[in-house]
Trainee: 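The structure is given below, and queries will be raised subsequently.
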Amino acid sequence: MQTYILRRVLNLIPVLFLISLGVFVLLRLVPADLAEIHAGLYGTEQDIEQLREQFGLDKPMLVTLAWPWEGEFAWPWEGKFWHTQYFEWLGSALQGDLGESAFPNKPQGVTAELLDRLPVTAELLILTLIFTIAFGIPIGIISAVWQNSPVDYLMRGGSILGLSVPAFWLATLVILIPSLIWSYAPPLGYVAFFDDPWANLRQFVPPALILSAGSAAVVMRLARSSLLEVLRNDYIRTARAKGLRERTVLFRHALKNSLIPVLTILSLQVATLLGGTVIIELVFDLRGIGLLTFLAILQRDYPVVQGVALYIAFIFVIVNLTVDIAYAWLDPRIRYG
Amino acid sequence: MASVYDRFLKQRLSRRRLLAGAGGAAMGTAGLVLLGCGDGGGNGGNGGNGGVTPIAGTPTEASLPRSGGTLTFGSTTSTVFGVDPQTEIALGLLIFPRVYGYLIHQNPRDDTVFFDQAANLETPTESEYIFTIRDDVRYQAVTFPDQPDVGARNVEARDVVATIRRLLANPLVSLPKTLFTEILEEPEARDPRTVYMQTRMPYVYTFEGLGSIFSVIIPEELTDLNVVENLNFGGVGSGPYIVESVNGQEEIRIRKNPDYFRKPVPYVDNMVFRVIPDTGTIEANFRSQAIDAFSPSDALQAERVAQFTSGGHEAIVTESPNLAYVSFGMDVTQPPFNNIKAREAISLAIDREELIEKITFGTGAILGPVNQHLRDGFWALPEDELRRAYGMDLPKEERLQKARDLMIEAGVEGANIELKYPQLTNISAAAVLVQQQLQAVGFQVSLVGESLILWFIQTLRQGNFHATLHAHLPYETPNIPTRYFHSKGVPSTESWHHYANPDVDALIERHWGEFDENVRRATLLELQRLILAEHGPMLNLYTGKNRAAYWSYLKDWKRELPGSMQQYVYDNWLDT
């Protein structure tokens, strides 16, 4: 098991390196660099050059190659090779410094900004996961137990609705309808749970419910099909033949085994939900990482977009690693595979 | 004082006048429209000059203003740079006019000059300006992190000189520097209260430049560009409000300056500018009175908001003509636009009325080279003349047939047009309509949408387009709108449309020196007729309306003042 974990962790290094390289290069393929954006409509070429120097954009992007016939040959380990935009950014990132926003309207560095916004996104994700589990698994069980009954059809129809309705549309309705009927809007500005639990929940419960609609539907469908499959196994038939009560068969023998794939999908939902928070945070005016990403993309704030992309990729990779390890722990066949 | 300036200087901003005539008016104007509110241009526009129409609610003013309270304004847009008065192009435009002071302001409705921190102006010749600064204006008694202490001293002439030096050296400046680079000699501080300025030629737009929203006075101690970024989080000004906190993507707070020289304003103790990026969310928060005022994004939202009542208050929604507008620009060195008949065919094929109907919900107006919302149409051609020029006096089929005939004569039937446009809601919709209209006469039009920033940087500034829809800023005089047709263009270096016509250049340059406004008007009308006959390089299409919504407990939130003038008055108050 330890060897398996070590191997998986080592595999992460090239993955993260490639992600960082991809994020960095792709963002630079977008037309117009930061200097041009800052210089605006009236900046001169001289202004643009001055800004390029200021932002370090006059340095080579990936590597500095000096050839012998150019008279300035230097081996990569002699240092010059690394003095590029990418390696300087990567070096800082490895030390926890994701740089500064390209726009001076943010009072702190990208890392601090991410850490500041993390509680908002984390709370939203945790609440969403709680709702996903609270709705998805029981409904999946009910649907499986009463398979092909009107209840099952109703639940399955509901799950299809949950999967089909776009979260942004639902969010807009949830904002507008209470506003039009009761003049109600969720409180503005982040209120920490421990400062004012009621205000905090008024802010977070509606977006978490909306965000969980899709993921609960996925979990419900998987829980249902997985439970149905387990309920058809021989050992369940044996349990029933032994005269065990149906509730015991279901909860003690079938449910645990049927939840293994559900747990896997729940972990993967975390990564999916991270993407979903962008729009939900925008609509509900929650100052989390999603909204930061949205605004940074609009402004072409590359350092922030880079930082956020790397952060999301990191979370995604770590979640996958956790799932792999959990799976290997639950099913030993995997680590010997 | 030279007599030519008398009419400019006939009104000064006395306290009584300020309190009586000026409205705090929409914080939402310059910035907000710039940011996409209002439907004249995708870029929005300042409240126009043509007056304000309340479309719902009855603005009532109580007799005695009351001090105190916190006014919260909602904005869908954040700051781009911060609150640096020389670089910011978005939300910060609503903040820095309240924090810093100006020498003068110019009212675009009638070009009159109001004195802010200048006590007096002498103009010995048409090219010389001697400003005397008031002796009772002091900088705010605060210091910001990493900034030198200004020491609550008086505003002095050296600050004006240093501010202009900073502007010239600053690569991030967001306005055309033409006045300061090409027209104005370096100003001189003759003594602590006297600033001497000289223009290289008589120039009627000097006051426009000196009184523009960006021409604040920054204390000399803060003009070192090494602290340029720091000004984005606040700086010491001499205006009615002090910056309290700046988080440009979230919330900006300013508080009353107790030492402001023009007492008793301001009345409101605190102002909060809250960024709420989603228009539905901003509406919901207005409904719940979490915010007191905002700019509805379009006519439909304005109509909906106008029905709101809550807690004994009603929502008031006003509409005013927009100074921003939309144009169809062409690179006249490329076919088919290098053929004047093809350009005329395009002008005829574009159905401006359909654009107005579908984009501005019928609230817009057709447009000549100069926006008719400027000074109640004084500088603009009459509408019937524009209608004739655009073939709008003809039945639609006849107009389209004429366009087709012109295309045949020009040999451009089926010509391809690549139309770029900034991806703002209204502009994107206009691009689709224009595409359909041009295809109806036989052009092949492909659309290329770009983000606003990219469109500015890569398309417009580099003249890198075949054809483009322009989302214009809210220009307050005919200066910039006419410079678009000059061979040196808006930045005085090159025409983004690669257009050069010596006759057009001569008329544009002539009007710069015409201080008699009737003479200048005649030149401007002649210029516009010439531009219309050229059918390019830019066909102005339509302008729209600007909207503001606020609760009835917000008093003196008037809209009388046009354009940036709305930013300069601070007598609004809260009756709660």
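All chains are named by letter (A, B, ...) in the order of the sequence lines, taking the proteins before the strands, and each is independently numbered beginning at 1. Quick caveat: nothing in here was measured; it's all calculated off a predicted structure.
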Trainee: Which answer fits A:L176, side chain, backbone, both or neither, if we ask what part of it has an atom under 4.5 Å from a heavy atom of chain B?
Mentor: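 Contact with chain B is through the side chain of A:L176 alone.
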
Trainee: List the steps, then state whether ring pair (Phe, Tyr, Trp, His ring centres under 6.0 Å) holds for B:W496 with B:F465.
Mentor: CA-CA 9 Å; B:W496 292 322; B:F465 55 84; 8.9 Å; no

Trainee: Can you tell which of B:E450, B:R287, B:E283 has the highest number of heavy-atom pairs within less than 4.5 Å of chain A?
Mentor: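 Winner by heavy-atom pair count: B:R287.
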
Trainee: Would you mind checking which part of B:T281 comes under 4.5 Å of any heavy atom in chain A, side chain (CB onward), backbone (N, CA, C, O), both or neither?
Mentor: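 Both parts, heavy atoms under 4.5 Å.
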
Trainee: For B:Q423, does the CD atom have more than 12 heavy-atom neighbours from other residues, nucleotides or ligands under 6.0 Å away?
Mentor: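 It does: B:Q423 CD has more than 12 such atoms within range.
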
Trainee: Does the pair B:R166/B:D84 count as a salt bridge with the N-to-O cut at 4.0 Å?
Mentor: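 Looking at B:D84 together with B:R166, the answer is yes, because their closest N to O distance falls below 4.0 Å.
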
Trainee: Given that the side chain runs from C-beta out, which part of A:I48 has a heavy atom under 4.5 Å from chain B: side chain, backbone, both or neither?
Mentor: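 For A:I48, the side chain is the part near chain B, not the backbone.
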
Trainee: For A:P186, which atoms come within 4.5 Å of any heavy atom of chain B: side chain, backbone, both, or neither?
Mentor: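 Contact with chain B: backbone only.
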
Trainee: Counting only non-hydrogen atoms closer than 4.5 Å, does B:I282 touch chain A with its backbone (N, CA, C, O), its side chain (CB onward), both, or neither?
Mentor: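 For B:I282, there is no contact with chain A at all, as no heavy atom is under 4.5 Å.
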
Trainee: Would you mind checking which part of B:F308 comes under 4.5 Å of any heavy atom in chain A, side chain (CB onward), backbone (N, CA, C, O), both or neither?
Mentor: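 For B:F308, the contact with chain A is made by the side chain alone.
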
Trainee: Anything under 30° is parallel, anything over 60° is perpendicular, the rest tilted; go ahead and classify B:F96 against B:F214.
Mentor: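 Ring orientation, 0 to 90° scale: tilted.
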
Trainee: Dump the intermediate steps for ring pair (Phe, Tyr, Trp, His ring centres under 6.0 Å) on A:W89 and A:F24, then the final yes or no.
Mentor: CA-CA 9 Å; A:W89 172 71; A:F24 189 87; 5.6 Å; yes

Trainee: How many angstroms lie between CG in B:D292 and CG in B:N285, if you round to the nearest 0.5 Å?
Mentor: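 Going from the CG atom of B:D292 to the CG atom of B:N285 covers 11.0 Å.
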
Trainee: Would you mind checking which part of B:Q462 comes under 4.5 Å of any heavy atom in chain A, side chain (CB onward), backbone (N, CA, C, O), both or neither?
Mentor: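 Only the side chain of B:Q462 comes within 4.5 Å of chain A.
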
